[in-house]
Amino acid sequence: MPSRPIVISGPSGTGKSTLLKKLFADYPDKFGFSVSNTTRAPRAGEVDGKDYNFVSVDAFKKLIDESAFIEWAQFSGNYYGTTIKAVQDVAEKQKRTCILDIDMQGVKSVKKTDLNARFLFLAPPSVEELRARLSGRGTETEESLNKRLDAATAELEYAKTGAHDKTVVNDDLEKAYEELREFVLTEN
Ligand SMILES: Nc1ncnc2c1ncn2[C@@H]1O[C@H](COP(=O)(O)OP(=O)(O)OP(=O)(O)O)[C@@H](O)[C@H]1O
């Protein structure tokens with residue numbers, strides 16, 4: 001089992017969810033996501049330590065002070081974040097390779113930790129194609145679409161700096177999946 005965490009990033013709409021869904025379906029026991037911490041109350045059916053680590057605001061703030069988070073944020077009055085330990089636990093406790101699906105800021109944050117992650121960048125064939133996919137997905141307004149495309153441009157510029165170990169262009173889905181599969185299964 002590759003033990004180093006794998007970070008998958010790329011513009012919104014490039015196909016990260018589509019490819020990861022396929023990967024998790026093909027290898028149900030090999031890969032895992034880290035469990036995030038949150039201060040919001042559990043919803044019906046949510047399990048502490050599985051869906052989230054549910055913590056108090058004081059406990060969350062203490063973790064912030066201890067620099068325990070890779071990244072954290074506040075949404076509608078609640079705190080959410082991913083700790084370095086949560087990522088390490090996927091390998092150490094679940095015996096799975098941790099996969100992080102995060103954006104450019106997250107990539108930069110992971111690089112500041114000692115997680116020794118491997119970075120894969122998923123690129124769209126072109127910005128025009130990305131626009132078409134996001135429109136086709138039917139999830140975006142004109143405003144959110146433009147916001148995502150602006151962010152995409154920044155992601156693509158960042159990828160040019162050589163921050164990632166591998167770039168996979170998602171033009172043909174099967175081909176992109178094979179390249180991703182090869183990268184995640186082979187640690188070197
Ligand atoms: N190779 C491909 N060819 C054509 N369409 C694709 C391809 N890969 C993904 N898509 C389509 O593009 C859309 C965006 O894919 P997806 O939702 O997986 O992107 P994402 O990177 O996870 O986005 P987000 O970060 O916003 O969640 C979906 O409708 C998906 O079916």
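Counting starts at 1 for both ligands and their atoms, following the listed order.
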Residue pairs passing the side chain to side chain donor-acceptor pair (under 3.5 Å) test where at least one lies in residues 86-96, sequence neighbours excluded: Lys85-Asp89
Flag side-chain contact, heavy atom, 4.5 Å: Thr97 against Val90: no
First-shell residues of ligand 1 [heavy atom, distance under 4.0 Å]: Pro11, Ser12, Gly13, Thr14, Gly15, Lys16, Ser17, Thr18, Arg133, Arg137, Arg148, Asn170, Asp171, Leu173
Glu143/Lys147 ion pair, N-O < 4.0 Å: no
Other ILVMFWY residues reachable from Val47 by side-chain steps of under 4.5 Å: none
Co-members of the apolar cluster containing Leu23 [side chain, <4.5 Å]: Ile6, Ile8, Leu19, Leu20, Phe24, Tyr27, Phe31, Phe33, Ile99, Leu120, Leu122, Val168, Leu173, Tyr177, Leu180, Phe183, Val184, Leu185
Geometric class of the Phe121/His164 ring pair [parallel <30°, tilted 30-60°, perpendicular >60°]: tilted
